[in-house]
Amino acid sequence: MNSKALRQSFLDFFESKTHKIVPSAPMVVKDDPTLMFTNAGMNQFKNAFLGTGQAPASRVADTQKCLRVSGKHNDLEEVGHDTYHHTMFEMLGNWSFGDYFKQEAIEWAWEYLTEVLKIEKHRLFVTVFTGAPDENLERDNEAAGFWEKWIDKSRILEGSKKDNFWEMGDQGPCGPCSEIHVDLRSDSERAQIDGKNLVNNDHPQVVEIWNLVFIQFNRKANGELEKLPAQHVDTGMGFERLAMTVQGKQSNYDTDIFQPLIQEIAKLSGKTYGTNEPADIAMRVIADHLRAVSFSIADGQLPSNTGAGYVIRRILRRAVRYAYTFLGQEQPFIYRLFGVMQSEMGNAFPELQKQKDIIEKVIFEEEQSFLRTLSKGIKILEQAIAKIKPNGQNVFSGDVAFELYDTYGFPIDLTELILKENGMTVDKAQFDKALEVQKNRSRQDAVVATEDWTILDETAQTEFVGYDLLETQSKIIRYRKITAKGKNIYHLVFDRTPFYGESGGQTGDKGYFETANQRVEIIDTQKEHGLIVHLCNELPQKLTGEFHLVVDTRKRLSTANHHTSTHLLHFALRQVLGTHVEQKGSLVTDTHLRFDFAHYQKLSSDEILLVEQKVNQLIRDNANLSEHRDMPIAQASQMGAMALFGEKYGDKVRVIRFADSVELCGGTHAPSTGQLGVFKITVETAIAAGIRRIEAVVGEAAQKYIWNQLDFLNQIEQKVSTGGDTMKQLDTLLDENQRLKKQIEQFQKQAARQLKSELKAKIIDNKGIQILAELVHVDEAGMLKDIAFQLKGEIQSLALVLGAEIEGKAHIAVMFADSLVADKGLNAGQTVKAIAKHIQGGGGGQAFFATAGGQNPKGLPQAIEEFKKMLMN
RNA sequence: GGGGGAUUAGCUCAGUUGGCUAGAGCGUUUGACUGGCAGUCAAAAGGUCGACGGUUCGAUUCCGUUAUUCUCCA
């Protein structure tokens, strides 16, 4: 069975068990501060488990794109070295939300594996939770009992808390789990060692394929477990491993999911897969990482230097490193593989197809930039090696290696490799120590203590009323304290609120809430697991009862104006530049908007003007907002509503329309476009390959911006103009300035020539040395230098000192002819230092020319006398 | 969010006890050689040494602030 059919068979099977099939959520997580990437199939249902959101149905199944770069069994640095670890993978899963529990979950898992896929029963083992006395938890006899219906007791193994008790994190829903393992070894190997001894032992052919989690507890912040009112099932089956099992392969990388990619890598690099271990590893690394990076970019997460973008950058760079070292690729290479991946997976994941150009461009650009980083690092490393090598030293400083890594991004394993070629090693302990120091510093900075929610009303849900109201009466339903950097912040959730929580690029509302005798400021509003969280610096004295919630109207309206103008801008860009313009990022505040979008080149000033005109026309047309809050998604897309890649949409969506601009959007908007006033683009720049950024202002912010510009212009006009053409006058001024500068230069040269001929007359011949020691009048220290250099060119065996008082300070220049320096060992630097003591200063320079300065001009004659004395004897 | 680095000619970069008329290669312009092109040789133009402030007789160089950017960590 090929992988495509396999994926479909899973979904079909659970559909037949009345599960609702839902699409994969984006791989990049947006509204969960504890998570950057979807790392398990259950992520998109987290709110349902936490009780803060609704599941799409009581029975659900899907295949979910996941990304893991760290965790107990998954370190990025290990991917590619074995046959079964990945960064990006698909997770097949079925869920029950308060519906069926252990019995059905076990029965159907067994049925699917053995009846549908016909996996041989004698290859399967299952595990159940053995219990944990320290937590007062018994063995999961329930699950074991159901298993005994299907599988021999001897194949039911017990696992400890580490393997068979699943937790989402330090806090939250959890429960015992039951895993299904498959033994793929040959008959003879299996006869020698019983498979059950290899379960959970990191054997590449005895692997876990399915984990059935039975969620029955909630872990509180103090570590206690409490029983949940409703019980859930959460299962996850690694698609790549399942494909390996079904296709009878020894490695995930041998399945039809990876082979086309690996064969393309082999072809392009002129190697053969399976003939050389390091090259094989490199090919697996590249195949795996290309998938991860491509899907991430398709979901809107570009490589960058912070957060999720940084993780993506690291993954891509690891691939480049392997391609560089083991496949000899010194030019961008990985982007050329995307075509194959797209033709293999594009059907199941249309986002790859649609964004081919941008994904290739971004990968190419990243590769190129990292290869530059590498060559720079190699240069620095080679210099460092050249410095210590002659000393016979063969241990390279870990601190220097760390600096190379930390500051220049040069990977430590490359440092080690290059050192090895030079017969050296790196002090790894020192390196690790430096890294540890840096990690601690960062961790210290980020330390945040989160207390448990105090729940005042168990049953209440939050209602958002902010589309219609800016103030309302409400009650607190839960609150908690957060401590970060010695500051306390309180999170409050109300049963109804007009406050918009930050999402979709739009910043959260500010405002306050009050009772008869107290008023508490709300400094920000955020969304977390579907809750609208109000941030305050203090708690009200009394937490129960009614509060009056009031949104900062001015800020909200200005934010709404900027959000509406973002839609108009998006629309105008597509009209002016073409429909390849896709939103890649958006920030909407009360002072400006920032809009990132796919486009291949800098916008010309004509294009910017056209976009501005278009948006302002739309504003003047004064189109009314037409809002649909619960439109079926099919109907919305029929209307031509623009949806975003990397966004998760439910069945019902909110549609925002202004004239022909139609978008899916949860933000707040102006009632009509006329309210926006005027729109002005302030910045247009590139942020990544194929991605441009526009910043703009609208309404009051635009007025302020324009007035500032006009005021600036005014000031310039007043400074330079006596009325008439300011531009022309500026040109004249600049020309004149240039001309005068040249003239001054001429005059100074002439003055210097004059001075020079006067000075020449004062030269004293002392035993063949032409001594010139004079006090002169010049306006600028540079002139002393000029004269000195000119005389040097004209007079043989010159020994010169010139002194001058300029702006109350003493300046001295000393010049010796090259012959004097070479033959007599004269040194201008030392000489100038010696005589500078008379002017209370210091100086220096080279052997043939030096300068000094001092605070005491009265000492100049003595300094010059001393110079004469030094040379005369 | 925290740490480290970079910013010098159109481009890529050198430049250490603070004083070198701030340099190189490529590119540009001009001239010579050549029938023309390519090329070779010679010369020239091109710099607020990111911005602001401080220390100093003197700052591209040291210190602080800031902007931009790279990089590591979270």
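Here is how names work: the chains are called A, B, and so on, in the same order as the sequence lines, proteins then strands, and each is numbered from 1.
In terms of the side chain to side chain donor-acceptor pair (under 3.5 Å) criterion, Gln331(A) has no residue partners (sequence neighbours excluded). Ser397(A) meets the side chain to side chain donor-acceptor pair (under 3.5 Å) test with no other residue; sequence neighbours excluded. For Glu521(A), the salt bridge (Lys or Arg N to Asp or Glu O under 4.0 Å) partners at least two apart in sequence or on another chain are Arg519(A).
Note on Lys837(A): nothing from the nucleic acid sits closer than 4.0 angstrom, heavy atoms only.
Taking atom CZ of Arg318(A) as the reference point, atom P of C72(B) lies 15 Å away to the nearest angstrom. Atom pair Leu76(A):CG and A74(B):P shows a separation of 12 Å (rounding to whole Å applied). In this structure, Gln438(A) atom CD and C72(B) atom P are separated by 10 Å, rounded to whole Å. Rounded to an integer number of Å, the gap from CD of Glu365(A) to C1' of C70(B) is 14 Å. Going from atom CZ of Arg314(A) over to atom P of C70(B) covers 18 Å, rounded to whole Å. One can place CZ of Arg372(A) at 15 Å from P of U69(B), the figure rounded to the nearest angstrom. For Leu435(A) and G2(B), the CG to C1' distance is 14 Å, given to the nearest whole Å. Taking atom CE on Met815(A) and atom C1' on G19(B), their separation rounds to 13 Å, with Å as the unit.
Taking 4.0 angstrom as the limit, Arg313(A) places a side-chain polar atom (N or O) nearer than this to OP1 or OP2 of U71(B). Between G1(B) and Arg441(A), no contact under 4.0 Å exists linking OP1 or OP2 to a side-chain N or O. Distances shorter than 4.0 Å separate some side-chain N or O of Tyr310(A) from OP1 or OP2 on C72(B). For the OP1/OP2 pair of G4(B) and a distance below 4.0 Å, the side-chain nitrogens and oxygens of Tyr405(A) include no atom meeting the criterion.
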Produce the list of close N/O pairs, under 3.5 Å, pairing protein atoms with atoms of nucleotides 5-10 of chain B; give distances to one decimal.
residue: G5(B); atom: O2'; partner: Tyr408(A); partner atom: OH; Å: 3.4

For nucleotides 21-23 of chain B, print each protein N/O atom paired with a nucleotide N/O atom at under 3.5 Å, atom names and distance only.
residue: U21(B); atom: O2; partner: Asp786(A); partner atom: OD1; Å: 3.1

So which protein N/O to nucleotides 65-68 of chain B N/O distances come out below 3.5 Å?
none

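With C1' as the reference atom, C13(B) and C52(B) are 27 Å apart, rounded to whole Å. Rounded to whole Å, the separation between the C1' atoms of A6(B) and U12(B) comes to 14 Å. Nucleotides G47(B) and G10(B), compared at atom P, are 7 Å apart to the nearest Å. Comparing the P positions of A22(B) and U60(B) gives a spacing of 10 Å, expressed to the nearest Å. Here the separation of C62(B) from U7(B), taken at their P atoms, is 11 Å to the nearest Å. One C1' atom belongs to U29(B), the other to G46(B), and the distance between them is 10 Å to the nearest Å. Taking atom P in both U71(B) and G58(B), one finds a spacing of 40 Å when rounded to whole Å. Rounded to whole Å, the C1' atom of U69(B) lies 23 Å from the corresponding atom of G53(B).
Of the possible polar contacts, none joining the Thr38(A) side chain to the Asn43(A) backbone as a donor-acceptor pair under 3.5 Å is found. Listed for the Thr325(A) side chain is a donor-acceptor partner under 3.5 Å among the backbone atoms of Arg321(A). In this structure, Thr407(A) contributes its side chain and Leu404(A) its backbone to no donor-acceptor pair below 3.5 Å. Distance alone, capped at 3.5 Å, places no donor-acceptor pair between the Glu416(A) side chain and the Val426(A) backbone.
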Contact state string [nucleotides 48-63 of chain B, B base, S sugar-phosphate only, - no protein heavy atom under 4.0 Å]
---------BS-----
Using a 3.5 Å cut-off and no angle test, enumerate the donor-acceptor pairs between side-chain atoms of residues 427-438 of chain A and protein atoms at least two apart in sequence or in another chain.
residue: Asp427(A); atom: OD1; partner: Ala429(A); partner atom: N; Å: 3.4
residue: Asp427(A); atom: OD1; partner: Gln430(A); partner atom: N; Å: 3.1
residue: Gln430(A); atom: OE1; partner: Gly398(A); partner atom: N; Å: 2.7
residue: Gln430(A); atom: NE2; partner: Asp399(A); partner atom: OD2; Å: 3.1
residue: Gln438(A); atom: OE1; partner: Arg441(A); partner atom: NH2; Å: 3.3
residue: Gln438(A); atom: NE2; partner: Asp406(A); partner atom: OD1; Å: 3.0

Atom pairs and distances, donor-acceptor, side-chain atoms in residues 821-831 of chain A, under 3.5 Å, two or more places apart:
residue: Asn827(A); atom: OD1; partner: Gly829(A); partner atom: N; Å: 2.8
residue: Asn827(A); atom: OD1; partner: Gln830(A); partner atom: N; Å: 2.9
residue: Thr831(A); atom: OG1; partner: Asn827(A); partner atom: O; Å: 2.6

Return all side-chain donor-acceptor pairs below 3.5 angstrom for residues 688-697 of chain A, not counting sequence neighbours, or 'none' if the list is empty.
residue: Arg692(A); atom: NE; partner: Glu684(A); partner atom: OE2; Å: 2.9
residue: Arg692(A); atom: NH2; partner: Glu684(A); partner atom: OE1; Å: 3.1
residue: Arg692(A); atom: NH2; partner: Glu684(A); partner atom: OE2; Å: 3.2
residue: Arg693(A); atom: NE; partner: Asp596(A); partner atom: OD1; Å: 2.7
residue: Arg693(A); atom: NH2; partner: Asp596(A); partner atom: OD2; Å: 3.0

Criterion side-chain contact (heavy atoms from CB on, under 4.5 Å) on Met815(A) and Leu791(A), from CA distance to verdict:
CA-CA 9 Å; Met815(A) 169 73 83; Leu791(A) 285 171; over 6 Å; no
Should Phe410(A) and Ile418(A) be marked as a side-chain contact (heavy atoms from CB on, under 4.5 Å) after you check the CA-CA gap, both sets of side-chain angles, and the distance that decides it?
CA-CA 12 Å; Phe410(A) 196 72; Ile418(A) 292 170; 4.0 Å; yes
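Glu403(A) is not listed as a side-chain neighbour of Ile380(A), based on a closest heavy-atom distance of 4.5 Å or more. You'll find the side chain of Gln301(A) stays beyond 4.5 Å of the side chain of Met36(A), heavy atoms only.
Between Phe597(A) and Phe595(A), the ring planes lie parallel to each other; the angle is under 30°, not in the 30° to 60° tilted range.
Legend: salt bridge (charged side-chain N to carboxylate O under 4.0 Å, His left out) pairs involving residues 831-849 of chain A, not counting sequence neighbours, sorted by first then second residue: Lys837(A)-Glu866(A).
For RNA chain B, each stem of at least three Watson-Crick or G-U pairs (distances under 3.5 Å) is given as range with range: B:1-7 with B:67-73, B:10-13 with B:23-26, B:28-33 with B:39-44, B:50-54 with B:62-66.
Between Glu382(A) and Lys379(A), none of the side-chain N atoms (NZ, or NE/NH1/NH2) sits under 4.0 Å from a carboxylate O, so this pair counts as no salt bridge.
What you find for Ala863(A) and His838(A) is that their closest heavy atoms are CA-CD2, 3.7 Å.
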